[in-house]
Amino acid sequence: MSSTLPASFRSVSKRFGSNTAVDDISFDVRPGKITGLLGRNGAGKTTSLKMLLGLAKPTEGAATVFGLPYDKLPRAAHRVGVGMDGVNSIPEMRGRKELLVWAKMLGLPKRRVDEVLELVGLADRSDRRVKDYSTGMRQRHTIAGALLADPEFLVLDEPVNGLDPDGILWLRNFLRGLAGEGRTILISSHLLAEVEQTVDDVVVIQKSLRYAGPLDELVSGEGERLEEQFFSLVGSENAKEKVSA
Ligand SMILES: Nc1ncnc2c1ncn2[C@@H]1O[C@H](COP(=O)(O)OP(=O)(O)OP(=O)(O)O)[C@@H](O)[C@H]1O
């Protein structure tokens with residue numbers, strides 16, 4: 001595993017016309033940890049991840065993976081596994097077939113597809129078309145795709161959304177297992193209670209950065225919950241800064 005920081009944001013801003021989606025954020029993702037990128041709907045989570053992955057260009061600043069912009073990183077698709085709506089997805093295809101396409105593009109053997117299908121618990125359902133998968137199955141399929149190249153850094157946009165309680169528990173243990181092997185994981189979410197049970201580090205954004213650091217430094221007091229801290233960092237729903245998504 002590389003010793004360079006898996007992800008680093010330096011004074012990153014993104015504007016869409018007059019709308020500032022991300023305002024001057026700086027933070028690092030620590031290697032071997034699970035980091036939760038938290039924020040309300042429209043807070044700029046997906047936009048931040050897209051800038052990290054070279055799918056959107058920062059208006060100012062730089063986001064890097066292993067010290068380089070994603071498009072300059074050698075073997076980026078092998079080192080960084082991505083699970084994000086609309087990325088690497090051909091919904092008309094059957095699950096296993098779709099993964100075989102990506103495996104071929106990555107130069108991986110067919111058996112790797114069966115390995116990841118087994119890992120995410122989809123081995124016996126992968127002959128269905130991706131568009132016919134349930135939301136939870138689609139999440140597992142997305143994670144399978146992200147894992148194909150056995151990456152050292154996983155970036156997952158809202159991986160918990162749509163999972164049932166079994167799926168949530170599975171994902172938590174699964175991500176902890178991957179981190180236990182030394183991998184770095186960056187997940188975005190607005191499901192605070194779940195994140196609190198899964199992550200080591202927390203980054204809270206509401207256009208601008210509100211917190212970046214260990215979860216246990218943010219939630220350090222007796223009986224303190226992430227939810228309370230979150231609202232004290234981003235303000236209440238009625239605050240003037242509320243973002244319209
Ligand atoms: N391609 C785009 N063109 C114009 N505005 C955009 C574009 N992408 C995002 N935005 C705007 O940028 C802001 C941040 O959106 P983003 O999707 O990053 O938020 P998010 O935190 O991921 O929200 P959610 O939890 O709802 O997915 C929103 O105001 C959104 O409308």
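For clarity, every value in this text was computed on a predicted model and none was experimentally measured. Atoms considered below: every heavy atom in the structure, side chains included; atoms not considered: hydrogens, waters and symmetry mates. In listed order, ligands and their atoms are each counted from 1.
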Side chain, backbone, both or neither: the part of D157 lying under 4.0 Å from ligand 1 by heavy atom: neither
Geometric cation-pi criterion K14 and F16, 6.0 Å radius, 45° cone: yes
Carboxylate-amine/guanidinium contact R10 D28, below 4.0 Å: yes
N or O pair under 3.5 Å between T46 and ligand 1: yes
Option among D201, D200, T35 that satisfies the side chain to side chain donor-acceptor pair (under 3.5 Å) test with R30: D201
Identity of the nearest option to atom 12 (O) of ligand 1, non-hydrogen atoms only, from A21, S48, S189: A21
Per-atom contacts, ligand 1 versus N41 - under 4.0 Å to a heavy atom: 23 (O), 24 (P), 25 (O), 26 (O)
Option whose closest heavy atom lies nearest to atom 28 (C) of ligand 1, chosen from G17, G42, S188, G39: G42
Interfacing atoms of ligand 1 (cut-off 4.0 Å, heavy-atom, H190): 25 (O)
With sequence neighbours excluded, residues passing side-chain contact (heavy atoms from CB on, under 4.5 Å) with L106: A77, H78, L108, L148, A149
Atoms in ligand 1 flagged as close to T47, the criterion being non-hydrogen separation under 4.0 Å: 9 (C), 14 (C), 15 (O), 16 (P), 18 (O)
Other residues, nucleotides, ligands: >12 heavy atoms within 6.0 Å of E227 CD: no
N or O pair under 3.5 Å between A43 and ligand 1: yes
Within 45° cone and under 6.0 Å: R125 NZ/CZ vs Y133 ring: no
Salt bridge D127-R96, side-chain N to carboxylate O under 4.0 Å: no
Any R40 heavy atom less than 4.0 Å from ligand 1: yes
E158 touching ligand 1 at heavy-atom level, < 4.0 angstrom: yes
Polar proximity ligand 1 side, G44 side, N/O cut 3.5 Å exclusive: yes
Stepwise side-chain contact (heavy atoms from CB on, under 4.5 Å) test for V203 and Y211: CA-CA 5 Å; V203 175; Y211 177 82; over 6 Å; no
